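Okay, so here's the structure we're looking at.
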Amino acid sequence: DYSNELQTETVFPVPTNLIATIIDYQSVQLTWDVNCTFETGYTVERKEESSTFTEIADLSADTETYMEQGLTFGTDYTYRIQAYTNSNLSDYSEEVLTNINVAIDRDGNVYKVVKIGDQYWMAENLKVTHYRNGDAIPKVTDNNTWNYLTTGAYCIYDNDDSNADTYGSFYNWYAVNDSRGLAPAGWHIPTDAECQTLVDYCGGNSVAGGKLKSISGWYESGNGTNDYGLSVLPGGSRNPNGNYANLGTNAQLWSATEYGSSLAWYWALYLNSEIRRFSVSILHGFSVRCVKD
């Protein structure tokens, strides 16, 4: 005779803890927990903006990571993972949404990004310590050495490394103009014309400064309205003689446009609503904001 009957259910573990990490301006790294010992493989599905999910990868068993490249900056991408055998499918993992709307420099520092008009701008000052090819940018603290530089260098206000967290670093124009690349991949130092495009979009020189400044951090009544999220802070500058000045009252931002053999254009914001451009010695140390290619 037959034994007693026993009803069982085979549980197919679902992939969990799906994480999307932005690697650079066009790449995302997916990782997840497999949770299964008998799967044949995994499928990766993605939808772009509000479209439907489509399969983008078929991966082998025990795979826990996948990198997608060639993505479009500023686009929403949603991912999900599913395990399978020759005869069955697991449920989908949780969905994860990502958008490559950040800039990542050679050191791995991640910067917020805002779109203003047709331009994408970094919403924080650059603080990278290596050129794009991996070469170190010399850090120069000595005043006399700074005064006689003929190559790229960086420094931090008052030679206090903690200031870089808030205000970023200062660079001389040799570093700005170095062919090894100061800006993150996919970005560049704005030309004088690109800076003027930003200023014009924000209402012109007499009012744009107030709209681009942060709503706090400026001395006395100098705070801005930060209408566009650029959040310019009064990081001050370093003079050719090596002295630091104007923390809390001024912001100076390099352009990539040279003016003669020893001068370059920069843009300055003050305690009022103005933003102005000047040509100045390339030995100055100023902040840098980058614009997307």
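Reckoned from all heavy atoms, side chains included, excluding hydrogens, waters and symmetry mates. Bear in mind the structure is a predicted one, so any value in this text is a computation, not a measurement.
- Here Y154 contributes atom OH and K127 contributes atom NZ; the two are 12.0 Å apart, rounded to the nearest 0.5 Å.
- When the side chains of ILVMFWY residues are joined at heavy-atom separations under 4.5 Å, either directly or via intervening members, V291 and Y201 end up in a single hydrophobic cluster.
- S231 and E124 share no donor-acceptor pair across their side chains, judged by distance under 3.5 Å alone.
- The aromatic ring centres of F12 and F38 sit less than 6.0 Å apart.
- Classified by interplanar angle (parallel below 30°, tilted 30° to 60°, perpendicular above 60°), the ring pair Y266/W254 is perpendicular.
- Judged by distance alone, with hydrogens and angles left aside, the side-chain atoms of D107 form a donor-acceptor pair with the main-chain N or O of T129 at under 3.5 Å.
- Annotation for N163 and Y157: closest pair ND2-O, 2.9 Å, computed over non-hydrogen atoms.
- Side-chain atoms of N99 and D76 include a donor-acceptor pair closer than 3.5 Å.
- Through direct or relayed side-chain contacts under 4.5 Å between Ile, Leu, Val, Met, Phe, Trp and Tyr, F53 connects to no other residue.
- At a threshold of 4.5 Å between side-chain heavy atoms, the hydrophobic network of Ile, Leu, Val, Met, Phe, Trp and Tyr places Y228 and M122 in two separate groups.
- No side-chain N or O of R238 forms a donor-acceptor pair with one of N159 less than 3.5 Å apart.
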Inset, instruction - Would you check, one step at a time, whether the test side chain to side chain contact (heavy atoms under 4.5 Å, CB included) holds for W173 with F286? - result: CA-CA 8 Å; W173 200 76; F286 289 154; over 6 Å; no
